[in-house]
Colleague: 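For reference, the structure I am asking about is given below.
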Amino acid sequence: MSGLDGLDNWSAKVRLMQENWIGKSRGLQFGFERCDGGEAIEVYTTRPDTLMGASFVGISPDHPIAKELEKSSPEVAAFVAECRKGGTTEEAIETAEKLGYDTGIRVKHPLNPDWELPVWIANFILMDYGTGAIFACPAHDQRDLDFCRKYDLPVLNAFFMPDDAAPVANEALVPAKSEKVRWVDHFAGLTEATGEEAINATVDFAEQAGWGEGVTKFRLRDWGLSRQRYWGCPIPVVHCADCGVVPEKKENLPIALPYDEDGKAIDFSVPGNPLDRHPSWRNCASPACGKPAQRETDTMDTFVDSSWYFARFTAPHAETPTDLEEAAYWMNVDQYIGGVEHAILHLLYSRFFARAMNICGHLPDSAKEPFDALFTQGMVTHAIYKSTENVFHKDTDWNSNDSNARLPAYSKSTYYYPEEVELRDGRAFLKEGGAEVTVIPSAKMSKSKNNVVDPLSIISAYGADTARWFVLSDSPPERHGEWTASGPEAAYKHLNRVWKLCDKIAAMEPGAAGQGDEELLREMHKAIRDVTLGVESFGFNASIARLYAFTNALAKSKAGQAAQKQAIMVLAQLMSPMTPHLSEDIWAHQGGTGLITTAPWPVADEAMLVEASVTLPIQINGKRLGEITGAADLDKAEVEKLALAHEAVQKALNGGAPKKVIVVPGRIVNVVA
RNA sequence: GCGGGCGUGAUGGAAUGGUAGACAUACCAGACUUAAAAUCUGUUGGGCCUUGUGCCCGUGUGGGUUCGAGUCCCACCGCCCGCACCA
């Protein structure tokens with residue numbers, strides 16, 4: 001978690017998602033002594049400062065005490081069963097009613113042995129977080145408050161806002177921990193203090209008094225590593241009748257999956273794991289006693305591989321997992337590009353693996369954080385075309401007076417492929433039959449919704465260059481991009497235009513003169529600057545827009561042969577990251593040396609970026625009213641003079657003097673009247 | 001509920017606090033053609049009239065900072081994403 005702080009070139013979103021996932025919290029753990037002398041009930045709380053507002057102690061339906069009671073009391077058994085019936089979906093959880101059952105057990109308040117609190121089983125308490133038991137402070141927790149109002153349990157303020165002494169009614173008082181509040185009776189001696197100060201004081205107080213302990217908890221979920229499937233690395237453990245579960249000997253590693261040599265050994269046609277049914281693969285010798293034993297047939301989750309493949313790539317042929325020297329040379333990954341869907345699992349596991357491999361000596365210290373920079377790209381989306389048909393029960397009585405009797409039994413959706421659909425005026429109709437279908441725009445591609453586009457069909461129709469050009473051109477890479485039929489068509493059209501332009505220039509008379517050489521070359525250098533900047537900052541769509549503009553300028557140019565040739569070759573270079581094949585062809589067609597891939601990236605000539613004359617817009621009180629044209633190297637005073645002489649400015653000033661004139665060189669002039 | 005992000009033409013989207021709408025799509029018009037496709041050229045934010053090198057409005061809404069705000073700040077509305085009875 002602390003490592004996240006150093007990942008400056010990761011998006012804040014992903015860092016935050018990981019932080020939330022790890023879910024670190026600091027609180028107090030302590031036991032409530034039972035009045036009946038039974039074992040104390042351990043609770044964990046992040047708000048120990050509200051202990052004087054305690055109303056009851058709650059335990060999870062899965063808590064050992066609840067399980068014990070379940071055995072002897074049918075009533076408890078019925079209640080616990082009711083709790084477990086509840087849905088596990090988010091919606092079900094959100095809308096589920098708070099349910100409680102008073103166990104009859106009483107506990108002593110740690111700060112006042114005469115104060116007894118009831119112990120309730122409550123359906124909203126989770127066994128797998130903290131200790132599975134809480135103390136409820138209804139005045140300062142909405143969930144506890146709802147529960148207490150329902151079951152008529154006391155509600156006591158532990159604190160008030162400094163200027164408001166109204167006790168809590170139906171809305172819990174939950175100010176930010178950094179806000180100062182007035183304490184009713186804070187045992188550690190506080191009167192006015194923030195929640196944060198009070199929490200720290202309470203933990204210190206409890207630790208000194210010896211009845212509680214400050215602890216840190218994490219919400220991080222377990223990662224179940226094994227999978228009951230064939231595709232994955234076998235888990236190298238052996239089951240021996242005599243020795244139990246034994247790790248495989250190191251010299252036998254790695255344990256490889258069996259190959260399907262006769263086409264029968266690996267059988268996916270029946271459910272289950274083919275490794276279980278393999279005739280011989282399971283059989284081996286016990287690494288401990290040498291007697292016949294059997295291999296584990298569960299395999300590892302594929303996340304295991306994806307967590308360290310980048311490290312293996314630094315030395316793919318090494319006998320050991322990595323070669324430390326090679327790893328030190330190649331690591332880290334300079335720029336990682338992936339979807340947001342990997343924000344938590346893959347990218348968290350990889351960071352964990354890198355640390356583990358560092359401890360085992362497989363990665364250098366410098367590679368503990370394996371990915372220097374992370375860019376999360378969006379998905380390519382596509383519209384869904386569907387029709388919905390109401391299906392009625394076959395016994396529907398169409399003559400019934402009761403409209404409910406004529407309701408459809410269910411509705412059936414049919415999804416159509418884009419090529420089955422014709423678009424007119426933003427509406428979609430089936431080519432066959434002409435029926436209108438519903439359009440759901442910008443949906444994640446999914447085979448079941450028939451809205452996937454096969455890259456191979458695009459590549460065979462237009463070529464890979466077109467596909468790449470379009471995908472990069474339409475929207476910024478971090479956003480989702482909609483795949484439309486017209487998109488690749490337009491890209492294809494443009495690339496053809498570039499090729500024709502190349503042909504035209506190649507056919508020019510060598511050394512032929514023309515007009516506007518310098519203008520074209522200035523455009524070229526500006527394009528070099530802008531495209532380079534765009535590519536370096538992941539602004540591919542802006543780079544491509546700039547390339548369109550430069551192509552248009554070149555197509556219109558009447559410049560001489562040498563300048564045009566230079567321009568088209570630079571254009572090809574600037575395009576080469578997106579359209580490597582076309583660029584290579586243009587390069588060869590124009591007689592370029594070697595491959596365009598290995599040619600040095602063009603560098604913009606600063607001198608060519610400076611315009612000889614500039615047009616400056618003139619604003620009066622921030623409103624644009626005209627413009628002036630002058631030499632680029634005019635100083636501020638001269639620009640001011642020109643601006644004040646402007647007709648619109650004269651009119652606005654009406655003979656008076658301007659209050660202020662702001663000149664931003666090369667940008668704008670603003671006259672404050 | 002908590003946290004994060006985003007709102008710009010018909011559409012995808014440009015715009016280091018400095019001429020909003022680059023570039024493209026779509027639409028419309030024109031050229032070429034017997035015709036269509038392809039190709040090329042041009043127009044297109046909205047409104048108004050006096051058709052001009054014209055005026056007014058315009059980046060979700062309302063305020064603020066600034067000579068100047070799509071951009072910064074505050075509040076609200078809407079949409080999207082992540083986590084979620086986490087004590």
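Protein chains get the first letters and strands the later ones, always in sequence-line order, with residue 1 at the start of each. Just so you know, these numbers use all the heavy atoms, side chains as well, and skip hydrogens, waters and symmetry mates.
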Colleague: When you compare B/G54 with B/U39, how far apart are their P atoms, in angstrom units rounded to a whole number?
Modeller: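 Result for the P pair: 36 Å, nearest Å.
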Colleague: Select one nucleotide: of B/C85, B/G18, B/U39, the one nearest the side-chain heavy atoms of A/Asn123.
Modeller: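 The listed nucleotide nearest to A/Asn123's side chain is B/C85.
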Colleague: Closest-nucleotide mapping onto RNA chain B: is A/Gln619 or A/Trp21 further toward the 5' terminus? I mean the 5' end.
Modeller: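 Closer to the 5' end of RNA chain B: A/Gln619.
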Colleague: If B/U33 has a Watson-Crick or G-U wobble mate with both distances under 3.5 Å, name it; if not, just say none.
Modeller: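 Across any shown strand, B/U33 pairs with none.
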Colleague: Whether A/Lys98 engages the ring of A/Phe124 as a cation-pi pair (distance to the six-membered ring centre under 6.0 angstrom, angle to the ring normal within 45°) should be assessed.
Modeller: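 The answer is yes, since A/Lys98 meets both limits relative to A/Phe124.
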Colleague: Would you call the rings of A/Phe303 and A/His346 parallel, tilted or perpendicular, taking 30° and 60° as the class edges?
Modeller: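 Parallel, since the angle between the ring planes stays under 30°.
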Colleague: Once hydrogens and angles are ignored, does a donor-acceptor distance under 3.5 Å link the base of B/C86 to the side chain of A/Lys217?
Modeller: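 No such pair is found, so the answer is no.
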Colleague: Mind checking whether A/Tyr151 and A/Phe56 have ring centres under 6.0 Å apart?
Modeller: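 For A/Tyr151 and A/Phe56, the ring centres are not under 6.0 Å apart.
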Colleague: Measure from the side chain of A/Ser475, starting at C-beta and using heavy atoms only, and say which of B/C23, B/G13, B/G18 lies closest.
Modeller: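 Among B/C23, B/G13, B/G18, the one nearest the side chain of A/Ser475 is B/G13.
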Colleague: Any donor-acceptor pair under 3.5 Å joining the side chain of A/Asn670 to the base of B/C67?
Modeller: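 Looking at the base of B/C67, it does pair with a donor or acceptor on the side chain of A/Asn670 (distance under 3.5 Å).
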Colleague: Would you please classify the geometry between the A/Phe470 ring and the A/Trp483 ring as parallel, tilted or perpendicular, with 30° and 60° separating the classes?
Modeller: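 A/Trp483 and A/Phe470: perpendicular rings.
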Colleague: For a quick check of understanding: with a heavy-atom distance under 4.0 Å over all strands, which category does A/Arg479 fall into, base, sugar-phosphate or nothing?
Modeller: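 Sugar-phosphate: the residue A/Arg479, judged by heavy atoms under 4.0 Å, touches backbone atoms but no base.
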Colleague: When the C1' atoms of B/C32 and B/U19 are compared, how many Å lie between them, rounded to an integer?
Modeller: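 That atom pair is separated by 38 Å.
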Colleague: Which word best sums up how the rings of A/Tyr385 and A/His382 line up, parallel for under 30°, tilted for 30 to 60°, or perpendicular for over 60°?
Modeller: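 A/Tyr385 and A/His382: perpendicular rings.
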Colleague: A/Leu99 has an atom CG; how far is it from atom P of B/C85, in whole Å?
Modeller: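 Answer to the nearest Å: 16 Å.
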Colleague: Could you measure between the two P atoms, the one in B/A15 and the one in B/C72, and give it in whole Å?
Modeller: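 Comparing P positions in B/A15 and B/C72 gives a spacing of 14 Å.
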Colleague: Among the nucleotides B/G82, B/G12, B/U25, which one has an atom lying closest to any side-chain atom of A/Ile344?
Modeller: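 Out of B/G82, B/G12, B/U25, the nucleotide with an atom closest to A/Ile344's side chain is B/G82.
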Colleague: B/G13 and B/A22: how far apart are their C1' atoms, nearest whole angstrom?
Modeller: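 So the two C1' atoms sit 10 Å from each other.
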Colleague: Looking at A/Phe375 versus A/Trp10, is the centre-to-centre ring distance below 6.0 Å?
Modeller: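 Ring centroids of A/Phe375 and A/Trp10 are no less than 6.0 Å from each other.
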Colleague: On a whole-Å scale, what distance lies between the P atoms belonging to B/U25 and B/A20?
Modeller: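 The answer is 25 Å between these two P atoms.
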Colleague: Send over the distance from A/Arg15 CZ to B/C81 P, rounded to a whole Å.
Modeller: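 Between P of B/C81 and CZ of A/Arg15: 23 Å.
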Colleague: Of all the choices, B/G13, B/U19, B/C86, which nucleotide is nearest to the side chain of A/Arg143 once you look at every atom?
Modeller: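 So the nucleotide nearest the side chain must be B/C86.
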Colleague: Can you tell me how far P in B/U53 sits from the matching atom in B/U61, rounded to whole Å?
Modeller: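 Their P atoms lie roughly 33 Å apart.
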Colleague: Of the options B/G13, B/C83, B/C23, whose atoms approach the side-chain atoms of A/Arg219 most closely?
Modeller: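 For the A/Arg219 side chain, the nearest candidate turns out to be B/C83.
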Colleague: Can you check the A/Glu489 CD to B/A37 C1' distance for me, whole Å?
Modeller: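 A/Glu489 atom CD is separated from B/A37 atom C1' by 12 Å.
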Colleague: Would you indicate which nucleotide in B/C86, B/A14, B/C23 comes nearest to any side-chain atom of A/Tyr548?
Modeller: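 Comparing B/C86, B/A14, B/C23 against the side chain of A/Tyr548, the answer is B/C23.
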Colleague: For A/Leu16 and for A/Ala555, locate the closest nucleotide of RNA chain B by heavy-atom distance; then report the residue assigned to the nucleotide nearer the 5' terminus.
Modeller: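 Nearer the 5' end of the strand: A/Leu16.
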Colleague: Using both distances under 3.5 Å as the test, list the Watson-Crick or G-U wobble partner of B/C76, or none.
Modeller: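 The answer is B/G60, by the H-bond criterion.
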Colleague: Would you mind calling B/G9 syn or anti? Take O4'-C1'-N9-C4 for purines or O4'-C1'-N1-C2 for pyrimidines, and syn is within 90° of 0.
Modeller: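 Syn.
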Colleague: So, A/Trp120 versus A/Tyr101, ring centres under 6.0 angstrom or not?
Modeller: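 Between A/Tyr101 and A/Trp120, which both carry aromatic rings, the centre distance is not below 6.0 Å.
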Colleague: Is A/Ala490 touching bases, backbone alone, or none of the nucleic acid, heavy atoms closer than 4.0 Å?
Modeller: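 Contact class for A/Ala490: sugar-phosphate only.
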Colleague: Would you mind classifying the nucleic acid contact of A/Val664 as base, sugar-phosphate or nothing, using non-hydrogen atoms under 4.0 angstrom?
Modeller: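 Base contact.
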Colleague: Looking only at side-chain atoms of A/Arg667, point me to the closest of B/G4, B/C40, B/U16.
Modeller: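 Out of B/G4, B/C40, B/U16, the nucleotide with an atom closest to A/Arg667's side chain is B/U16.
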Colleague: Rounded to the nearest Å, what distance is computed from the CZ atom of residue A/Arg624 to the P atom of nucleotide B/C55?
Modeller: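 Taking atom P of B/C55 as the reference, CZ of A/Arg624 is at 11 Å.
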Colleague: Just N and O in the side chain of A/Tyr129: are any of them under 4.0 Å from OP1 or OP2 of B/A87?
Modeller: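 For A/Tyr129, the contact criterion (side-chain N or O under 4.0 Å from OP1 or OP2 of B/A87) is met.
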Colleague: With A/Gln29, which of A/Thr131, A/Val43, A/Thr45 fulfils side-chain contact (heavy atoms from CB on, under 4.5 Å)?
Modeller: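 With A/Gln29 as partner, side-chain contact (heavy atoms from CB on, under 4.5 Å) holds for just one option, A/Thr131.
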Colleague: Looking at B/C2, I'd like to know if its phosphate oxygens (OP1 or OP2) sit under 4.0 Å from a side-chain N or O belonging to A/Asn20.
Modeller: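 Result: no.
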Colleague: Return the nucleotide paired to B/G1: Watson-Crick means purine N1 to pyrimidine N3 with N6-O4 or O6-N4, wobble means G-U with N1-O2 and O6-N3, both under 3.5 Å.
Modeller: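 Looking at the geometry, B/G1 pairs with B/C83.
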Colleague: Are OP1 or OP2 of B/C57 and a side-chain N or O of A/Lys623 less than 4.0 angstrom apart?
Modeller: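 Yes, A/Lys623 has a side-chain N/O under 4.0 Å of OP1/OP2 on B/C57.
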Colleague: Considering only side-chain heavy atoms of A/Lys493, which listed nucleotide, B/G4, B/U39, B/C85, is closest?
Modeller: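 Of the options given, the side chain of A/Lys493 lies nearest B/U39.
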Colleague: B/C23 P sits how many Å from A/Arg497 CZ, rounded?
Modeller: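 Those two atoms, CZ and P, are 12 Å apart.
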Colleague: Between B/C28 and B/C79, how far apart are the P atoms? Round to whole Å, please.
Modeller: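 About 34 Å, rounded to a whole number of Å.
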Colleague: Would you mind classifying the nucleic acid contact of A/Asn552 as base, sugar-phosphate or nothing, using non-hydrogen atoms under 4.0 angstrom?
Modeller: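 Sugar-phosphate contact only - A/Asn552 comes under 4.0 Å of backbone atoms but never of a base.
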Colleague: Would a line drawn from the ring center of A/His140 to the ring center of A/Phe159 be shorter than 6.0 Å?
Modeller: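 When the ring centroids of A/His140 and A/Phe159 are compared, they turn out to be within the sub-6.0 Å range.
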Colleague: Considering every strand and a 4.0 Å limit on heavy-atom distances, what is the contact class for A/Ile618: base, sugar-phosphate, or nothing?
Modeller: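 If one applies the 4.0 Å heavy-atom cut-off, A/Ile618 turns out to touch nothing in the nucleic acid.
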Colleague: Specify the separation, in whole Å, of atom CG of A/Leu348 and atom P of B/C83.
Modeller: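 It works out to 13 Å between those atoms.
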Colleague: How long is the line joining CG of A/Leu644 and P of B/C67, in whole Å?
Modeller: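 Whole-Å distance recorded here is 18 Å.
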Colleague: Return the nearest nucleotide to the side chain of A/Ala545; candidates are B/C23, B/C85, B/A14.
Modeller: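 Comparing B/C23, B/C85, B/A14 against the side chain of A/Ala545, the answer is B/C23.
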Colleague: If I take atom NE2 in residue A/His382 and atom C1' in nucleotide B/U11, what distance separates them, rounded to the nearest angstrom?
Modeller: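 Atom-to-atom, A/His382 to B/U11, this comes out as 15 Å.
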Colleague: Expressed in whole Å, how much space separates the C1' atoms belonging to B/C74 and B/G1?
Modeller: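 Roughly 24 Å separates the two C1' atoms.
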